[in-house]
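These values consider heavy atoms only, across backbone and side chains, with no hydrogens, waters or symmetry-generated copies. Chain A is the first sequence line, chain B the second, and so forth, proteins listed ahead of strands; every chain is numbered from 1.
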Amino acid sequence: EVKIALDGKPDLEQSGSYNWSYAFANALTEAGMEVREMPRDSVGNEAEKFDQISTGLLEVSLSDVRAIAQIDPFVYGVRLPYIFDDAAHMDRALAAGKVFDRLNAKLAAQDAMVAAFVPIGPSSGIITTTKAVRAPADMADLRMRALDDAQIAMYQAWGSTGTIVPWGEVPAGLQTGVIDGYLNSPFVPVIFGQTDFVRNFSDAGVIIPMRAILFSKLWYDGLSDDDRATVDAAVVTADAANRAWLAQASESGLAALEEKGVTVQRLTAEERAVFREASKAVYDSDLMPSEDVKIWTELSDSNR
Amino acid sequence: MRHAIVLASNSVHEVTRRIAVLAVCLMFLTVMLQIIARYIFSAPPIWTEDVARYAMVWTGLLGATMSFKTRSDAVLMQSIFPRPPHVLAVLAEAIQSAAVLIFVLPVVYFCFMGLRGGFSKGYLARQSGLTTDTLGIPMVWISVSVPLAMLIILLHLAARWADNTVIESTETHLD
Amino acid sequence: MWFIPIIFIVFLISGTAFAYLMGSVSVLTFVAVGKSQYLSIMPQRIFAQLDVFAFMAMPLFILTAEIMSRAGVTRSLIDFAMSVVGRFRGGLGHVNILTSVFFAGISGSAIADSAALSRTFVPEMKARGYDPYYAGAITAASSMIGPIIPPSIIMIIYGGLTGASVAALFIAGVVPGLLLAAALMLLNAVIANIKGHPGGKSDDLPKFLPSLLHAAPALCLPAVILGALVFGLATPTEGSAIAVLVALIAGQYYKGLNWRMIFDAVEATAKMTGTIFIILAAISVLGYLAGQLGWSQALANWVESFGLTDTKYLFFLVVIFLIAGMFMDTPVALTLLIPLFAPQALAQGISPIHLGIVLCFNLCVGLITPPLGKCLVVVSALTNLNYWRLAYAALPFIAVQILLLLALVYWPALSLTLPQMFGFSVN
Ligand code: NA
Ligand code: NA
């Protein structure tokens, strides 16, 4: 039995990771393998999912990228702002840099392996309450919700300010004015019912929000050659299904926002380039060694 | 032997009390630091929350051993067996001890042993390959609180049997 | 499988602590169903379920109450309540209730309230001509305000188990807590008029302003906590640290602190946190078992078969939680039942904040309902009143609490309006 630990609601319309999982599960089922979806939290939180992948009690997990970073911070490259133009660019760079091989060499010590990186939604934009943003300069007097130190540094590089607020406190923070906005995928304000007070979305395409698909190495290595071929093919099928969904979600995400009365700023390539240039200042942080940053920058540039 | 177990249990309890008190103080101080840093220097250090949370985990797990040692654990139903020195009281005590062992022993075992691969794949060994998000220290320094607390509870349990003096329950009020 | 219930009962009647009872039965069940390999998740599971952001507020709020009660703050709260409502008919009854409102602002626990107040109020009310059982009953009943008005230990536990915002829960508890106080005062006034209870003469009452000033440090604590939460200036954890700071200052102001006193307060805090944590640890294993064996799903299907939705489902939960509250400690019932029943309620679109307030209130009613009304037990033990006669005297108060509970179920706005006003998402 192949147990797949989900990362959220099984929603084919709004979840990119569920589109991946659904296609993957179908491909395995068609080949005669038994699959069981484990609802979010039924196996536990991120740390528990990773531990069960390690012990072989869980076969497949839709995990946070951070799960890999606690073994090899190199993976944080996929979260550098503006490192990839789109998912296709990411796929080319990952393949050219043999990134999966590199990460899996490290993950082997924990009996885990990464099979895919899966965008969960369209690229993150700037979500604000009052101010419409088309350039970093528009954010000068905004205080943005930051996820971590790296994001604070990014806002500072844009000439704005960031403050760390846990996700649960974000709606209250937006309404009381403790923060003026945050960075996320266009679906997020709709899913979390924030469109009453979130008034603007700027399609800045900062990072691709994504999950890492983790496999239990004990399980994968223990498969028969036929079954392993089936699993490998299912990964390819699932990746394709996810990218197909992403292509149409990129537009429907913006349309969903507009339907709720949120003003969407569609930025031109030149306008995005201004953000990209401003962001380069923060690539060197203590999240990742600078030689790793260099590898990522070169991979990105040579595969653009 | 009996005397040594009781002595060990009591000494460990004394040390545990002090470390737990320090953990609560550490928690208080880091959260205060976080507030001060945010409002006075407007630069919140990201590690304060993790330190405070790990101090809380240490507090709670060491506190669990203190609760066990002082018989303060919440009880669903008082024993229907007669009170000591009646011989049936020993039976009730034995049944309670069995429950403690059944819960605690698998936790201790799997902290050190893995499902496959024995000692090198136990929980602590797995954790030693991971680092904390913001502190950069190995996770194992924090997760070791789980087996440590469980081992201390086992020691206190042994001391209950080694010690002949009867201690009445002093259940903590939680509501 | 058949022997599991028997072992459960044997452990239960031997007086096994709840945590070890649930933990050992879960372990045995894993073995009995042939899934013993899953026991290897236990260390990680226990750690992960304790390493929860929301629980951080718990130790420091417990510490606040420990310091405050050691500093002798209770007397000043009673004096101030006396100066406000002492003059009315049934005055000491009102004072008893109002003191619990003030006490609620520094303590998250009902037991602490009834323990602190019963030895003062019951003899004093008896001396002034009240039936001691009435005095005991009103002390126990009003102590329930403690965990409803913030801070609240059980709401922190609920928040940690469900992921609901503790800040929103705290703010949502204010109105139901004050309504409870008002309802109890109304009942006290009615009974006082029927039975001809005395009221205080204005010359033997403490003066308003001096007693207010003396109670001020304790009274401003809830204001500081709530203010910080409402205006988004602090998280509940930060609020709890500020509360400790205020308690230290207030303690110095009242009695003068010394290191021994602080050490004792901190040690008691660690032990109480530990008592809760070992329960959470055991329940985390049970929760994993329920997930692996599909119990949660089976329970969900069973409940679904009644076809109950929304408010009807909530009323159904009220009945279950009322019965559970009669037999179990509040945190014990909460940790056991929330993982089982909350997911379906939330899936039906019931607000997690509304659900939290209703269920916490619900379980607190159990604190004064026999057979195991924990607050009745405490009052009875500290005042030598007969437990069952005390329970009988508490019946009118239980009735009022159940009516208010039903009102809370029926009108979510009673809980949700305040947090919504301050921008908290309640969905
Ligand atoms: Na309270
Ligand atoms: Na009272």
Side-chain angles (χ1 to χ4, degrees), chain B residues 17 20-21 23-25 27-28 31-32 34-35 39 49 52-54 56-57 59-68 70 72-81 91-92 95-96 98-104 106-107 110-111 114-115 123-124 126 142-143 145-147 169 172-175, chain C residues 10-21 23-24 27-28 37 39-40 42-44 46-47 50-51 53 55-56 59-60 63 109-112 115 147 153-154 234 237-238 241-242 244-245 263 266-267 269-279 282 328-332 367 374 378:
Chain B
R17 285 172 58 202
V21 165
V24 175
C25 295
M27 204 188 149
F28 171 65
V31 178
M32 285 313 295
Q34 178 174 317
I35 300 170
Y39 286 102
E49 193 194 297
R53 212 174 65 237
Y54 294 138
M56 168 194 76
V57 173
T59 303
L61 284 166
L62 292 179
T65 73
M66 292 156 65
S67 178
F68 184 83
T70 55
S72 309
D73 286 318
V75 171
L76 202 51
M77 193 179 147
Q78 294 298 334
S79 169
I80 61 162
F81 289 85
L91 180 63
I95 295 171
Q96 291 176 22
V100 174
L101 288 174
I102 292 170
F103 176 47
V104 171
V107 181
F110 285 112
C111 278
L115 209 45
Y123 171 63
L124 291 178
R126 297 198 300 276
I142 295 138
S143 35
S145 55
V146 175
S169 146
T172 305
H173 300 306
L174 305 172
D175 311 76
Chain C
V10 170
F11 283 165
L12 178 72
I13 62 173
S14 316
T16 305
F18 178 71
Y20 301 98
L21 170 70
S24 58
V27 167
L28 291 174
Q37 77 270 23
L39 294 178
S40 69
M42 283 173 75
Q44 171 68 43
I46 289 172
F47 182 81
L50 299 180
D51 182 20
F53 175 76
F55 291 149
M56 285 168 67
L60 296 183
L63 180 57
S109 142
I111 305 285
I153 302 303
I154 53 173
T237 312
E238 292 168 348
I242 297 170
V244 170
L245 191 68
F263 184 91
V266 175
E267 187 190 353
T269 301
K271 194 166 89 176
M272 214 178 288
T273 309
T275 311
I276 295 173
F277 267 39
I278 194 71
I279 294 176
M328 292 183 216
D329 282 4
T330 322
V332 168
L367 291 171
K374 230 7 189 326
V378 168

Least distance between heavy atoms, C:A241 atom then B:F28 atom: O-CE1, 3.2 Å
Which atom of C:A270 lies closest to which atom of B:M66, heavy atoms considered: CB-CE, 4.2 Å
Proximal component of C:I46, with respect to chain B [non-hydrogen, under 4.5 Å]: side chain
Value rounded to 0.5 Å, distance of OG in B:S72 from CE in C:M272: 9.0 Å
Residue selection (most heavy-atom pairs with chain B, distance under 4.5 Å) from C:L50, C:I242, C:D51: C:D51
Separation of C:Q37 CD from B:L115 CG (nearest 0.5 Å): 6.5 Å
C:L12 side, atom CG; B:I95 side, atom CD1 - distance, nearest 0.5 Å: 11.0 Å
Considering all heavy atoms, the nearest B:M27-C:M56 contact: CE-O, 2.9 Å
Toward chain B, the part of C:V27 with a non-hydrogen atom under 4.5 Å: side chain
Region of B:I80 in contact with chain C, defined by heavy-atom distances below 4.5 Å: both
Side chain to side chain, B:V57 and C:F55, heavy atoms closer than 4.5 Å: no
Side chain, backbone, both or neither of B:V146 within contact of chain C (heavy atoms, under 4.5 Å): side chain
Chain B contacts, top residue of C:A17, C:G23, C:A19, C:S40 (heavy-atom pairs, under 4.5 Å): C:S40
Verdict with supporting geometry, B:T59 and C:F277, side-chain contact (heavy atoms from CB on, under 4.5 Å): CA-CA 9 Å; B:T59 303; C:F277 267 39; over 6 Å; no
Side-chain donor or acceptor of B:Q96 paired with backbone N/O of C:S14 under 3.5 Å: yes
C:Y20 and B:F103 aromatic ring geometry - parallel, tilted or perpendicular at 30°/60° bounds: perpendicular
Region of C:L63 in contact with chain B, defined by heavy-atom distances below 4.5 Å: side chain
Spacing of OG1 belonging to C:T237 relative to CD belonging to B:E49, to within rounding of 0.5 Å: 7.0 Å
Test side-chain contact (heavy atoms from CB on, under 4.5 Å) applied to C:F11 and B:I102, step by step: CA-CA 11 Å; C:F11 283 165; B:I102 292 170; 3.9 Å; yes
Contact summary for C:S24 and B:A99, nearest pair of heavy atoms: CB-O, 3.3 Å
Proximal component of B:L91, with respect to chain C [non-hydrogen, under 4.5 Å]: neither
Heavy-atom pair count under 4.5 Å with chain B, highest-scoring of C:L39, C:T273, C:T269, C:L28: C:L39
Per-residue contact mode, B:Y123 against chain C (heavy atom under 4.5 angstrom): side chain
B:A74 versus C:T275, closest heavy-atom pair with distance: N-CG2, 3.8 Å
Region of C:L60 that comes under 4.5 Å of a non-hydrogen atom in chain B: side chain
